[in-house]
Amino acid sequence: MARLTTSKSITTQQVLDNTRFLSSQNLRSVQTKLTAAKGELIKLANTDVLSEFLSEQEKAVLRSAAGIVNSVNARVTAAKEKKQRAEKKRQADLDARIKAASRLAQHTFTLPTGSTAECLEVIRVALILNELKVLNSFNSAEEFSIELIARVRRAPSQGKTIGETLQHEAKRLANDIPRCIQDYIVHDYNDCEVQAVLDALVARIAEARPRVIEQRAAVLHVWLDALENCGREVRA
């Protein structure tokens, strides 16, 4: 068998540069196709039922082409392995960031809902975070306010009193808050240190708090009246 020719015109870096938007899995598919192409060329040159009809010069060309395909495949394989290592590192970094963000968000924004005052504080924080596009960012402040009022005016959940239903709604919001803050830290500011993002958010919340509470006083009054009418403890 003639010696396979190799290509020196393509490098691993060129493959990486031209496939920067592809994943390692995408490159694995390219690798598979190139491996199959090389095998078919060698088969046609040596063992295919049509091989006997080809001249030695034609067979040599096929082997040479197989060698070039094999050389390109080697570069693709090297690029795929580099992408795999980079992807694993990015995932490990992301997992660590998610873990740190979750821990800080839970520590800073675990809000109790045992009393009326606590339930109202959850509503305040939720309104502020919505204003800052952290919680329910797909809803405007006006839309979110309407939704919060609607939650108060809905019929009680089956098997629950009005008070229990309101506490459940407040608790659901309280559980959503740390998760949304975690996502905000991880994805909206993924190039910043986790603690720094949280500190900046806490400062923004403090700054926005008086304005949002004044603007959304109607929402808080609806919740306060509903909780008072349920006979819940009021410490607002």
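Heads up: numbering here begins at 1 and tracks the sequence. Just so it is clear, the structure is predicted and the values come from calculations on it, not from any experiment.
In terms of the salt bridge (Lys or Arg N to Asp or Glu O under 4.0 Å) criterion, residue partners of R211 (sequence neighbours excluded) are, by chain and number, E131. Not counting sequence neighbours, the partners of E87 by the side chain to side chain donor-acceptor pair (under 3.5 Å) test are S24. The side chain to side chain donor-acceptor pair (under 3.5 Å) test applied to R209 returns E121, not counting sequence neighbours. Annotation: ring pair (Phe, Tyr, Trp, His ring centres under 6.0 Å) contacts of Y184 (sequence neighbours excluded): Y189. For Q57, the side chain to side chain donor-acceptor pair (under 3.5 Å) test picks out no residue, with sequence neighbours left out. R179 pairs by the salt bridge (Lys or Arg N to Asp or Glu O under 4.0 Å) definition with D176, not counting sequence neighbours.
For the pair I146 and N139, the minimum side-chain heavy-atom distance is 4.5 Å or more.
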* Residues Q195, D199; criterion side chain to side chain donor-acceptor pair (under 3.5 Å); working and verdict -> CA-CA 6 Å; Q195 184 67 60; D199 291 343; 2.8 Å; yes
* Intermediate values then yes/no, salt bridge (Lys or Arg N to Asp or Glu O under 4.0 Å), E207 and R204 -> CA-CA 5 Å; E207 181 182 4; R204 290 179 65 204; over 6 Å; no
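Under a 4.0 Å N-O distance rule, the pair R97/D93 does not qualify as a salt bridge. We find that R216 and E142 are joined by a salt bridge, their nearest charged nitrogen and carboxylate oxygen being less than 4.0 Å apart. Using a cut-off of 4.0 Å between Lys/Arg side-chain N and Asp/Glu carboxylate O, E40 and K33 are scored as not salt-bridged.
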